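Here is the structure we will look at.
Reminder, nothing fancy here: chain letters follow the sequence lines and each chain counts from 1. Everything numeric here is computed off the predicted structure, so don't read it as measured data.
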Protein chains: 2
Amino acid sequence: MTVTLADVAARAQVSPATVSRVLNGNYPVAASTRERVLRAVDELDYVLNGPASALAAATSDLVGILVNDIADPFFGIMASAIQAEICGPGGRAGGERLAVVCNTGGSPERELTYLTLLQRQRAAAVVLTGGAVEYAPHAAAVAAKLRKLTEAGTRVVLCGRPPAPGTDAVALTFDNRGGARRLTEHLLGLGHRRLGYIAGPEERTTTRHRLEGHRAALRAAGVEDDPRWTVHGRYDRQSGHEATLELLRRDPSLTAVVAANDSVALGACAALRESGLRIPEDVSVAGFDDLPFSVDAVPSLTTVRLPLAEAGARAGRIAMGRAEAPPGGVASVQGELMVRGSSGVPRSVGT
Amino acid sequence: MTVTLADVAARAQVSPATVSRVLNGNYPVAASTRERVLRAVDELDYVLNGPASALAAATSDLVGILVNDIADPFFGIMASAIQAEICGPGGRAGGERLAVVCNTGGSPERELTYLTLLQRQRAAAVVLTGGAVEYAPHAAAVAAKLRKLTEAGTRVVLCGRPPAPGTDAVALTFDNRGGARRLTEHLLGLGHRRLGYIAGPEERTTTRHRLEGHRAALRAAGVEDDPRWTVHGRYDRQSGHEATLELLRRDPSLTAVVAANDSVALGACAALRESGLRIPEDVSVAGFDDLPFSVDAVPSLTTVRLPLAEAGARAGRIAMGRAEAPPGGVASVQGELMVRGSSGVPRSVGT
DNA sequence: ACGAGTTCAGCAAGCGCTTTCTACTGCCGA
DNA sequence: TCGGCAGTAGAAAGCGCTTGCTGAACTCGT
């Protein structure tokens, strides 16, 4: 039925061992023999049995990429960069790795399930992207899994995610706190004193860090931080829309809205506009991440650019062992403040 | 070192066969025995060896999802829906399937490489999404691969992709032609007579079909279709930006720009605005797909909504054998015209 | 011209699991 | 009381590949 190594060997008049060695290319095989084998492979249209070879070699060429939401370009861009780095630039067939992205949907259980599945597949490496959930039991379970994976020889890299204490996982962490702080400082510098903040889901590290940066900036400037000016929601536009209406209801005198990310900011813009407010004349808006569509928003969005593709590429290289891990296993990746049209001097100051 | 089935068997005082049967649950095992085994599994923290079981059982729980560009929400949304359907709603651990998305980057070679890799892994199913490349030799190679996969028992589903002749692959095809036609008809109905068209890459089926729909509408209305009014580019905003400037240079009197998709349309809007043109007063703009950000554009984008999530979910269900394939193995999925703020009556007519 | 060193191919022992076939234990009906 | 039949567990034969080890055929240095 299916062609096996033995069939190829028979056709090429060599032993199965030789065929295997030709295919893996890590053992001296005479050129003439090699060619004969390759021809046989070609003629029979042979495809290696992955599970069998993974079993025998006790390794696999699978690399897992875990993302919270594959439909969100934030993750898409990182995943794309990671995958490109793992599979190599060309479309080369030999020695390829299967980089697979697994969508956890932000669910802790799914995250663990995927980790188990990857462990089961004896994955060569695993890259976890995006913020982690801070629920302690879950964090512990994940850490335990990561430790197991590392023990089993799987390389583990965290990209855009805080370090996992108690594991050997390499972490490329986004400086969400610093970026958020600089962003809010920018708004404060323009004269804003009543800033609404639309945060992400409560239990995410990303949410907490960005919020902390925001508050740190307020505190440093001695500006009031009314708890009613902070609303939590999801990381999508609809959430931004709803949260903005809520903020407006709580305090119509806000002069700026800082959003957890660009999608949320876009939703916020829509809500403000529907409420008859101009951006930035009446209310300034700021996002985070600088996704591709943010520069095209009207007005273009003031935000913090995160080097998603670069970080992803680096994570991919580390996962493949093609780049050094940063000293201490942890590197902080900075965001860059992008001042654009959606932020301006508040009315009260401007006039 | 690593815990194996035999270790569990020893601990539970049963044979490896029994442990296997408990884990797979397809053979009667006495309740008391089962419980003893499960306890042992738990105590030893045993994780099944995927490759070994795939080898022995000659099947695997891997499902591949091929996408052209994971960073593009168009694919992200479909992939998300497919994956959700495949992995089931909960984060359940038992009997899970590993749904993996593979990013071809639009490269035919990569597409084939991934198909081979999935074949190598003896994937349970494969879903190919998005437009296909029309280069005949490549199409033939893909068709051959798909045939091989089907023969090997892998279920193959095409989602948002035209049928692959000569294969048994089930196809859920987007009616790009019809959608594009209705979109252009809408613009014609508003009075537009000089319409620029920004097409995608030449060799894609999606590109061709949308363009054909556009032209069919023009022809039916007896409207001129100057070849200089069509520009090809990539499916991203930058391409839309460049192409729009090019169109404007070729003929500044255009009153509408139809883009290959929403991202391109956004780039077009930016270019028009930079050129001092108002939307839709001076030039109307239309996109395609209705991605989440399109409704938030300013003005909101007139476009054709494609039920990406629904189609993905259906494709996922078919791939899992949880839904019937459509009669004939092919279904056409309709797009819905979304008339919004970016399209309006052209000046010449309005005044 | 002969032993040492080098190359290259084959043998065979697994890798960890699934599954068929066999075997044992009760328990029922006759 | 005995044949037979559920019900349940075990023995063992692979699944298709990799790789350590063995050994044959050469190449050389002396």
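The side-chain hydrogen bond (donor to acceptor under 3.5 Å, both in side chains) pairs that include a residue from residues 11-29 of chain A are A:R11-A:E43, A:S15-A:T18, A:S20-A:N24, where partners are two or more places apart or lie in different chains. Applying the side-chain hydrogen bond (donor to acceptor under 3.5 Å, both in side chains) test to every pair with at least one member in residues 155-168 of chain A, sequence neighbours left out, gives these pairs: A:E111-A:R161.
Between B:R122 atom CZ and D:dC15 atom P there is a gap of 14 Å when expressed in whole angstrom units. Rounded to whole angstrom, the span from the CG atom of B:L44 across to the P atom of C:dG16 amounts to 15 Å. In this structure, A:L55 atom CG and D:dT19 atom C1' are separated by 13 Å, rounded to whole Å. Rounded to a whole Å, the CG atom of A:N49 is 12 Å from the P atom of D:dC15. When the P atom of D:dT18 is taken as reference, atom CG of A:L5 falls 6 Å away, rounded to whole Å.
Shown here are the side chain to side chain contact (heavy atoms under 4.5 Å, CB included) partners of B:A313, two or more places apart in sequence or in another chain: B:E85, B:R317. Taking B:N68 as the reference, B:T104 meet the side-chain hydrogen bond (donor to acceptor under 3.5 Å, both in side chains) condition, with sequence neighbours excluded. Residues satisfying the side chain to side chain contact (heavy atoms under 4.5 Å, CB included) test with B:A140, not counting sequence neighbours, are none.
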B/S/- along nucleotides 5-12 of chain C (protein heavy atoms under 4.0 Å) is ---SBBB-
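Between D:dG16 and A:T4, no contact under 4.0 Å exists linking OP1 or OP2 to a side-chain N or O.
A:L62 is listed as a side-chain neighbour of B:L98, based on a closest heavy-atom distance under 4.5 Å.
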